[in-house]
Each structure stands twice: as C-alpha cells, then as structure tokens.
Amino acid sequence: LGSSLEAERRKQIALAKEAEAARSAERLAEWATLVVANLWQIDDRATSAVVEDWNNGGAKVKLSFAGGQGTPREQADAAFAKARRLRRGSAVVAELIRQSEAV
C-alpha cells in the first residue's frame with residue numbers, strides 16, 4: 001500500500017509539472033504574436049528587440065531571440081507550434097489530474 005501511495009504521489013507531481021507547462025502556452029503565444037506584429041522593425045539577425053506591447057498599454061517589451069535557431073520569424077513560428085502542442089496536452093493533463101485526485 002505504501003509503494004502504491006508513493007507512486008500516486010509521484011504521478012501527481014509529474015502531472016502538476018505538465019499542467020504548469022500547459023499554462024506557459026499562453027505566454028509563449030503572446031511572445032510569438034509580439035514578434036510577428038513587429039517583424040517590420042526586427043532585423044533577421046537580431047538577438048533582441050524592444051517593441052511596444054499594445055495589449056498592455058503600449059508598454060516597452062524586450063524580446064530576446066536564440067542565436068543559431070533561425071530568424072525571429074522562424075522562432076515565432078516554432079513558438080506558435082509549441083504553444084499549440086501545449087494547449088492540446090492541457091486538456092488531457094487536466095483530466096488525468098482529476099482522475100488522480102479521485103484516488
């Protein structure tokens with residue numbers, strides 16, 4: 001019984017981590033949206049750019065880009081794809097958490 005409870009506890013911890021990753025999908029999509037909305041002023045070789053975020057009253061936001069991982073456009077496209085994957089997984093994780101808590 002003790003090992004079964006420990007296994008269930010580990011499962012709940014893992015599911016909580018997955019749920020947090022799923023929540024990060026929104027932040028990732030917001031970042032990608034900012035990049036795409038400002039591509040006109042971001043050089044393809046830029047490592048960072050300061051842009052205005054009109055969803056937050058025009059606040060200045062610094063966007064950072066990973067060197068060697070493509071242009072800002074390519075990185076935004078990859079971020080959108082990852083956000084979609086995370087969103088799809090969030091529904092599954094939520095159901096698994098409910099099942100795990102019922103045990």
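- Shown here for F65 and P72, the closest heavy-atom pair between the two residues is CE2-CB, 3.7 Å.
- Side-chain atoms of R73 and D77, non-hydrogen and from C-beta on, do get closer than 4.5 Å to each other.
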Please lay out, stage by stage, how F80 and R84 fare under the test side chain to side chain contact (heavy atoms under 4.5 Å, CB included). CA-CA 6 Å; F80 279 129; R84 280 191 299 275; 3.8 Å; yes
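- Distance check: T71 OG1 to L39 CG gives 8.0 Å after rounding to the nearest 0.5 Å.
- The distance from atom OG1 of T33 to atom CG of N38, rounded to the nearest 0.5 Å, is 10.5 Å.
- Summarising the geometry, atom CD belonging to E8 is positioned 12.0 Å from atom OG belonging to S3; distances are rounded to the nearest 0.5 Å.
- In the hydrophobic cluster analysis, where Ile, Leu, Val, Met, Phe, Trp and Tyr join through side-chain heavy atoms closer than 4.5 angstrom, I42 is grouped together with W31.
- One finds the NZ atom of K82 at 7.5 Å from the CZ atom of R85 (value rounded to the nearest 0.5 Å).
- For the pair Q75/V35, no side-chain contact is recorded, criterion being any heavy-atom separation below 4.5 Å from C-beta on.
- Every residue meeting the salt bridge (Lys or Arg N to Asp or Glu O under 4.0 Å) condition with E52, not counting sequence neighbours, appears here in chain and number order: K60.
- Ion pairing of E6 with R9 is present here, as a side-chain N (NZ or NE/NH1/NH2) and a carboxylate O approach within less than 4.0 Å.
- When all heavy atoms of V36 and A76 are compared, the closest pair comes out as CG2-CB, 3.9 Å.
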